[in-house]
Structure formats: structure tokens, C-alpha cells
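Everything numeric here is computed off the predicted structure, so don't read it as measured data. We're numbering straight along the sequence, starting at 1.
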Amino acid sequence: MISAQAWADAQLLWNFQQMGDEPRPCSVAVVLGSHDLGVADTTADLYLRGMFPLIVFTGATSRTTQERMPRGEAEHYRERAVELGVPGRAILVEPKARNTGENIRFSRALLEEQRVPVSSVLLVSKPYEERRSYATARKLWPDVEWVCASTSMTLPEYIDSIGDARLVLDMMVGAQQRLMIYPRQGFIIEQRIPADIVAAFERLRDQGFTSRLVPETADRA
């Protein structure tokens with residue numbers, strides 16, 4: 001059972017971890033692979049609305065996706081986007097990244113290799129990964145404009161779409177921990193984290209939502 005306090009704390013993290021940007025036209029979309037195929041659906045919708053002419057899907061596999069996405073997260077995202085009407089010529093696939101830092105670095109390298117001029121990037125991710133993805137991108141590629149986007153839905157709707165409440169809360173707690181410890185390790189930019197968010201994180205951690213926490217000497221973003 002997940003307590004009422006845990007649900008309330010999860011809602012606080014959910015709200016904080018989204019940047020609240022309004023999607024607007026950008027040079028390119030960089031789309032972070034994950035277990036959530038809905039990210040590809042959102043990307044396809046944004047493409048068909050004319051928000052960018054080119055997409056980079058980035059991501060290998062992780063312990064969460066190795067069975068459900070055996071060809072790699074980026075490739076499964078590409079297949080889904082094509083099913084939804086995105087032409088293959090508008091998609092680049094970066095299949096090697098295994099963390100958010102590599103997502104950004106490898107996507108940048110691929111775009112430079114393809115000689116794609118980039119002044120702005122629509123960064124598409126899971127809803128609760130927006131803030132950390134933005135902080136990573138700003139650290140690693142600071143000379144472009146970053147706009148965040150994700151599927152517009154409530155926390156209960158998102159949990160229903162994934163089908164595993166505990167996994168979602170564990171992931172959110174892990175994302176929040178990284179926002180707190182990665183700036184001092186040099187992986188992401190510093191952001192102000194309100195006291196109520198820190199307290200919500202600590203309560204969820206203490207209630208056992210810990211499977212996605214990393215050691216405080218973590219070596220990747």
C-alpha cells in the first residue's frame with residue numbers, strides 16, 4: 001500500500017520536476033529514450049504540429065527496457081514515430097547513450113557530424129525527467145536554447161499509462177536525488193530546490209522508494 005502522505009509527496013515532486021515550458025518551434029528535437037513509449041507519441045504529435053523539422057531519438061537499453069525494447073530505446077521510438085506518420089527522413093537515431101549525459105553529448109556529436117545547424121532544441125522526455133534533462137543539457141551544451149516538452153497528463157493518468165505505481169514513484173525519487181547531488185559532481189547546473197520538495201523527497205526515500213537511487217559518488221548523469 002502507498003500511503004496518503006506518499007501520494008501527496010509524489011504529487012509535489014511531479015509538479016516540481018516539470019519545467020512548464022510552452023512548446024515552440026526549434027531547430028531540432030532531441031528525444032530521450034526510456035521505458036515510456038508515450039514519449040515517442042508526444043514527439044510525433046509535436047513534429048506533425050510543425051515544431052521542428054528533424055528528430056534525434058537517443059538511447060540504448062537499460063535494466064528497465066532490455067526486455068521490452070530489445071532493439072534499443074531509440075530504435076523502438078523511431079518505429080513508433082514512423083507508425084504515427086513521421087517520415088523516416090526526418091529522424092536520426094543515436095543508439096549508444098546509456099544515461100542522460102550521453103544522450104546529450106552523443107546527440108550533439110551526431111548533429112555536428114550531419115552538419116545540422118542548431119540554435120534551439122526541443123528536449124522531449126518523460127514528464128518527471130524534464131528538469132533534470134534540462135539541467136544536464138544546459139551543462140553540456142550551453143550555447144543553444146533549450147525548451148522542454150513531455151506528455152501532458154496528471155500523475156494518476158501517467159501511472160495508469162505505465163501500470164506500475166511503485167516504479168513511477170521510485171523513478172521520481174531517483175530523479176529528484178540526482179537534481180540534488182549532481183550539481184556538486186559537475187554533471188548538471190545548479191537549480192534552487194524549495195524546502196518542501198527536499199522534505200517530500202526525504203519522506204519518500206525513508207518510506208522505501210529507493211530502487212532508483214544512486215551512490216552519492218555516482219559517476220554519470
For the backbone of T154 and the side chain of E157, can you confirm whether one donor and one acceptor N or O come within less than 3.5 Å of each other? yes

Determine yes or no for a side-chain-to-main-chain donor-acceptor pair under 3.5 angstrom, with T210 supplying the side chain and L213 the backbone. no

Would you call the rings of Y182 and F187 parallel, tilted or perpendicular, where under 30° means parallel and over 60° means perpendicular? perpendicular

For the backbone of M172 and the side chain of Q17, can you confirm whether one donor and one acceptor N or O come within less than 3.5 Å of each other? yes

Is the closest side-chain donor-acceptor distance between T42 and T151 under 3.5 Å? yes

In Å, rounded to the nearest 0.5 Å, how long is the span from CD of Q185 to CZ of R178? 10.5 Å

Which is it for M51 and C26 under the side-chain contact (heavy atoms from CB on, under 4.5 Å) test, yes or no, and what are the steps along the way? CA-CA 6 Å; M51 292 294 171; C26 291; over 6 Å; no

Here the gap from I189 atom CD1 to K139 atom NZ, rounded to the nearest 0.5 Å, amounts to 9.0 Å

Is any side-chain heavy atom of R78 less than 4.5 Å from a side-chain heavy atom of L92? no

Measure from the side-chain N and O atoms of Y77 to the backbone N and O of S34, and report whether any donor-acceptor pair falls under 3.5 Å. yes

According to a 4.5 Å side-chain heavy-atom criterion applied to Ile, Leu, Val, Met, Phe, Trp and Tyr, with indirect links allowed, do V118 and V30 form part of one hydrophobic cluster? yes

Minimum heavy-atom distance between D170 and S211, given as atom pair plus value: OD2-OG, 2.6 Å

Close side-chain approach of R138 and W146, heavy atoms under 4.5 Å: yes

Are any side-chain N or O atoms of R212 and backbone N or O atoms of V173, one a donor and one an acceptor, separated by less than 3.5 Å? no

Check whether any side-chain heavy atom of Q18 lies under 4.5 Å from a side-chain heavy atom of Y128, and answer yes or no. no

All heavy atoms of I197 vs all of L12, minimum pair found to be CD1-O, 3.6 Å

Are E73 and L32 close enough that some pair of their side-chain heavy atoms sits under 4.5 Å apart? no

Are L155 and M153 in one and the same hydrophobic cluster, where Ile, Leu, Val, Met, Phe, Trp and Tyr link if side-chain heavy atoms are under 4.5 Å apart? yes

Verify, without hydrogens or angle tests, whether R71 (side chain) and H76 (backbone) share a donor-acceptor contact under 3.5 angstrom. no

Please check if L37 and V93 belong to a single hydrophobic cluster, counting links between Ile, Leu, Val, Met, Phe, Trp and Tyr side chain heavy atoms closer than 4.5 Å. yes

What is the distance from atom CG of D164 to atom CE of M171, rounded to the nearest 0.5 Å? 9.0 Å

When rounded to the nearest 0.5 angstrom, what is the spacing between CZ in F209 and CD in Q177? 15.5 Å

Could you go step by step and tell me if I55 and F52 meet the side-chain contact (heavy atoms from CB on, under 4.5 Å) rule? CA-CA 7 Å; I55 301 164; F52 38 77; 3.5 Å; yes

Donor-acceptor check, side chain of D21 to backbone of P23, threshold 3.5 angstrom: yes or no? no

With rounding to the nearest 0.5 Å, note down the distance linking CD1 in I91 to OH in Y47. 8.5 Å

Starting from F57, can I reach I104 by hopping between I/L/V/M/F/W/Y residues whose side chains sit under 4.5 Å apart? no

Check: E130 side chain, M19 main-chain N or O, donor-acceptor pair, under 3.5 Å: yes

Specify the closest pair of heavy atoms between V28 and L54, including all atoms of both residues, with the distance to one decimal. CG2-O, 3.3 Å

W14 versus D9: any side-chain heavy-atom pair under 4.5 Å? no

Before you tell me yes or no, could you show the steps for V31 and T58 under side-chain contact (heavy atoms from CB on, under 4.5 Å), namely the whole-Å CA-CA distance, both residues' side-chain angles and the distance that decides it to 0.1 Å? CA-CA 6 Å; V31 185; T58 169; 5.8 Å; no

Give the cluster check for I188 versus L13: same hydrophobic cluster or not, with ILVMFWY residues linked at side-chain heavy-atom distances below 4.5 Å. yes

Can you give me the closest heavy-atom contact between L123 and A137, atom names plus distance? CD2-CB, 4.1 Å

Could you please spell out the steps behind the side-chain contact (heavy atoms from CB on, under 4.5 Å) verdict for Y134 and T136? CA-CA 5 Å; Y134 170 80; T136 305; over 6 Å; no

Separation of M180 CE from E190 CD (nearest 0.5 Å): 10.5 Å

Please check if atom CZ in R184 has more than 12 non-hydrogen atoms from other residues, nucleotides or ligands closer than 6.0 Å. yes

For S152, all residues meeting side-chain contact (heavy atoms from CB on, under 4.5 Å), sequence neighbours excluded: none

For P53 and A90, the nearest pair of non-hydrogen atoms, with its separation, is O-CB, 3.7 Å

Answer yes or no: is there a side-chain heavy-atom contact under 4.5 Å between F201 and D206? no

Any F16 side-chain heavy atom under 4.5 Å of Q176 side chain: yes

Measuring only between side-chain heavy atoms, which start at C-beta, is V168 closer than 4.5 Å to Y158? yes

Specify the closest pair of heavy atoms between E22 and V147, including all atoms of both residues, with the distance to one decimal. O-CG1, 3.9 Å

Keeping S120 on the side-chain end and S27 on the backbone end, is there a donor-acceptor pair under 3.5 Å? yes

Please check this pair: side chain of D36 against backbone of K126, looking for a donor-acceptor N/O pair closer than 3.5 Å. no

